[in-house]
Every structure is written in structure tokens, then in C-alpha cells.
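These notes concern the structure reproduced below.
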Amino acid sequence: MNNPEEVAERLDAVNYLVDDGLAMAIFLSIRLGKPLLLEGEPGVGKTAAAKALAQALDTPFIRLQCYEGLTAGEALYEWNYQRQLLHIRLAEAQGATLADADLFTADFLQERPILRAVRHAGPTPPVLLIDEIDRADDEFEALLFEFLGEAAITIPELGTFAATRPPIVVLTSNRSRDLHDALRRRCLYHWIEFPAAERAAAIVRRSVPGASAPLIRNATEFIGKVRRLDLDKAPGLAETIDWVSALAALGVTELADADVLRTIGTIAKTPDDRDLVAGAVHQETRS
């Protein structure tokens with residue numbers, strides 16, 4: 001990808017529409033070989049951006065889903081203890097003596113997502129998604145510093161593995177907690193806004209081609225108004241697409257208040273949000 005415009009075109013070809021800011025962030029991340037940290041409200045398309053990028057580049061997509069308590073053994077690498085134990089028993093049966101160095105070799109190493117990305121030997125670097133890094137613990141962030149800064153992982157028993165073709169790394173965060181400054185310094189950064197109604201309509205149109213143009217326009221405009229309410233979870237693009245799909249399946253071609261209320265469960269995911277959205281519908285009706 002030689003410029004931000006080509007980034008946008010290649011992503012467009014796989015049905016992921018980007019604005020100029022995100023296209024520039026992705027281009028610079030690839031060109032400079034720097035990880036890209038994407039933040040934004042849930043549902044703006046952060047995870048989808050990494051998936052689409054891998055598809056546009058025709059390269060492997062590797063995903064690490066973060067959660068509280070995530071360990072190095074689950075994210076970086078782990079030793080195959082069962083295979084080591086079998087090796088010990090076989091050596092004992094043959095009367096041989098094993099040293100630690102015989103057990104901690106690459107043959108007994110199990111690759112987890114990050115080490116798999118580092119050791120990838122294909123012609124093009126993979127896209128590694130470290131998804132929802134804010135869900136992991138502070139201690140896990142520290143484990144990433146060497147990898148994010150040098151595209152390398154040190155395994156005490158074997159030494160340092162450095163990527164011959166550094167992976168394209170995308171981290172996402174919903175800002176459920178503050179990330180360490182040291183992590184942010186190692187990354188380029190972009191905040192993804194909810195798309196404006198026009199671009200949202202274009203995205204929904206590609207995902208639900210059977211929906212009518214008036215329905216898509218009315219639905220995306222309504223979602224924009226709903227997001228201004230004090231909701232527990234504002235509906236994202238995924239909810240918008242689900243909603244329009246449901247309305248189209250019901251044969252709806254133009255949005256009416258009754259259609260909103262009977263399909264409200266696709267966009268409001270808590271009882272309080274349901275009441276707020278329903279209240280907004282009734283208020284529009286009265287006005």
C-alpha cells in the first residue's frame with residue numbers, strides 16, 4: 001500500500017469503508033512498522049478494521065482476545081509439558097539421563113498468538129490483532145513492551161526470537177481503564193468516531209443489500225439520534241446492521257414508530273436503554 005488513498009481503496013474492495021484519518025493511521029503503521037492502537041466506543045469497527053486489513057493484504061489474520069488474568073502462557077508461548085513428560089519416561093526406560101537443556105528446546109515449544117506472529121515465515125507479514133487490551137491486567141501490558149518495540153520475544157531457555165518480517169500489529173481498546181504510557185509510546189494512535197449518517201448508510205447498504213434506500217436512510221438517522229441519549233450501551237454499527245436486517249426481513253421499506261418498537265431488542269440491550277429508546281420514539285411521535 002503506497003499511500004493512504006490506496007489503503008482506502010483496498011479496504012473498500014473488501015467492504016470496509018474508512019475515513020481519511022483511519023486510512024492515514026493504517027498507512028503510517030504499515031510504512032513505519034509501528035503498532036497501531038485503535039480506540040473508540042464499542043461498535044465503531046475497531047476489530048473489523050484489523051480483519052479487513054488482513055483480507056485486503058491477503059495475509060494471515062492472528063487474533064489475541066484479551067481478558068482479565070491473561071498470562072504469557074496463553075498469549076506468548078507455553079511449554080508442552082505432556083510431551084516433555086513422555087520424553088522423560090522414554091529416556092528413563094532407555095536408561096538415559098536428561099538435562100534441562102534437553103527438555104527446553106524448540107521441539108517442546110507451543111506457539112501462542114504473539115510468538116506465532118513473530119515466527120511467521122510466509123511471504124507477507126501477518127496481521128496480529130491484540131483485541132480489547134484494556135481488559136487485560138497492567139502486568140500483561142508489561143509483557144508486551146519488548147514485542148511492541150522490537151517485534152521480538154525473549155524465551156529464557158532459548159534466547160530471543162525476532163521477526164524476520166515484523167507483523168502488522170493492531171491493538172484495540174474500549175477505554176474501560178487507562179493504558180500504561182509505555183505502551184502508548186510504542187504505538188501510533190487513532191480514535192475511531194461513530195460514522196456520520198451518510199457513511200453509516202453506505203456501510204449498512206453493503207451489509208444489507210436487500211434493504212430499501214429509504215429504510216437505510218431513516219434507520220441510520222434514527223440511530224444517530226439514539227446515540228445522543230444517556231444509554232448504557234450506545235448501538236454500534238453491528239447493532240445497526242442487525243436492526244436493518246431484521247426490518248428488511250419483516251418486509252419494512254420505510255421506518256415507522258411501530259417498527260422501531262417491535263424490533264427494539266436489536267438496538268437496546270438493557271431494560272433502561274429499552275425504556276429510553278421507546279421514550280424517544282414516543283417523543284418524536286408527539287412532536
Side-chain angles (χ1 to χ4, degrees), residues 8 11-12 14-23 38-52 65-67 131-132 134-135 172-178 190-287:
L11 291 175
D12 188 3
V14 295
N15 288 324
Y16 187 85
L17 301 181
V18 297
D19 58 18
D20 293 341
L22 182 54
L38 297 178
E39 289 191 328
E41 297 295 333
V44 295
K46 302 183 295 295
T47 298
K51 291 180 178 178
Q65 178 62 54
C66 297
Y67 54 87
D131 209 10
E132 298 184 312
D134 53 318
R135 290 183 178 271
T172 71
S173 169
N174 295 323
R175 293 186 62 84
S176 62
R177 67 172 179 85
D178 291 334
H190 184 72
W191 173 270
I192 301 182
E193 299 279 0
F194 281 118
E198 183 177 347
R199 190 159 66 89
I203 294 170
V204 174
R205 190 173 299 113
R206 295 188 179 206
S207 301
V208 196
S212 70
L215 173 62
I216 293 174
R217 183 182 64 253
N218 294 340
T220 51
E221 288 175 354
F222 181 79
I223 289 293
K225 295 175 183 177
V226 165
R227 289 190 186 125
R228 293 195 287 269
L229 301 174
D230 186 20
L231 300 176
D232 294 326
K233 184 188 182 304
L237 284 171
E239 287 81 10
T240 306
I241 291 169
D242 288 344
W243 186 37
V244 174
S245 298
L247 291 168
L250 292 171
V252 176
T253 57
E254 292 194 32
L255 192 62
D257 294 343
D259 299 320
V260 177
L261 294 174
R262 63 179 177 156
T263 57
I264 199 170
T266 58
I267 56 176
K269 301 304 177 72
T270 69
D272 289 343
D273 285 359
R274 180 186 177 90
D275 293 342
L276 284 171
V277 173
V281 172
H282 294 316
Q283 187 174 1
E284 281 200 3
T285 302
R286 289 194 297 272
S287 59

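For the atom pair OG1 (T270) and CG (D232), the distance works out to 4.0 Å, reported to the nearest 0.5 Å. Remark: I223 CD1 to F194 CZ distance equals 9.5 Å, nearest 0.5 Å.
In terms of heavy atoms, V208 sits closest to I216 at O-CD1, 4.3 Å. Residue C66 comes nearest to E132 through the heavy atom pair CB-O, 3.2 Å, listed as atom of the first residue, atom of the second, then distance.
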Would you be so kind as to tabulate the donor-acceptor pairs closer than 3.5 Å made by side chains of residues 43-51, with sequence neighbours excluded?
residue : atom : partner : partner atom : Å
K46     : NZ   : G40     : O            : 3.2
K46     : NZ   : E41     : O            : 3.1
K46     : NZ   : N174    : OD1          : 2.8
T47     : OG1  : D131    : OD1          : 2.9
T47     : OG1  : D131    : OD2          : 3.0

Could you pull out all donor-acceptor pairs under 3.5 Å where a side-chain atom in residues 234-246 meets a protein atom, sequence neighbours excluded?
residue : atom : partner : partner atom : Å
E239    : OE1  : G236    : N            : 2.7
E239    : OE2  : K233    : NZ           : 2.9
T240    : OG1  : G236    : O            : 2.9
W243    : NE1  : T263    : OG1          : 2.7
S245    : OG   : I241    : O            : 2.8

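Evaluation of the side chain to side chain contact (heavy atoms under 4.5 Å, CB included) rule for L261 yields A278, V281, H282 as partners, not counting sequence neighbours. Judged as a side chain to side chain contact (heavy atoms under 4.5 Å, CB included), and not counting sequence neighbours, the contacts of R199 are D19, P195, I203. A search for side chain to side chain contact (heavy atoms under 4.5 Å, CB included) contacts involving T253 returns S212, not counting sequence neighbours. Partners of A202 according to the side chain to side chain contact (heavy atoms under 4.5 Å, CB included) rule, which considers only residues two or more places apart in sequence or in another chain, are L17, R205.
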Assess the residue pair V260 and L255 against the criterion (side chain to side chain contact (heavy atoms under 4.5 Å, CB included)); give the C-alpha distance rounded to whole Å, side-chain angles, the decisive distance to 0.1 Å, and a yes or no. CA-CA 7 Å; V260 177; L255 192 62; 3.9 Å; yes
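Counting only heavy atoms from C-beta outward, the side chains of R274 and P271 never approach each other to under 4.5 Å. Side-chain atoms of R262 and V252, non-hydrogen and from C-beta on, do get closer than 4.5 Å to each other. Residues W191 and L38 have side chains not in contact (no heavy-atom distance under 4.5 Å, counting atoms from C-beta outward).
When each of D259, L247, T220 is paired with L215, the side-chain contact (heavy atoms from CB on, under 4.5 Å) condition holds for L247 and for no other.
Between the side chain of D12 and the main chain of A8, no donor-acceptor pair closer than 3.5 Å is present. Judged purely by atom type and a 3.5 angstrom limit, D273 has no side-chain atom pairing as donor or acceptor with the backbone of L231. Formation of a donor-acceptor pair under 3.5 Å by the D134 side chain with backbone atoms of S173 is not found in this model.
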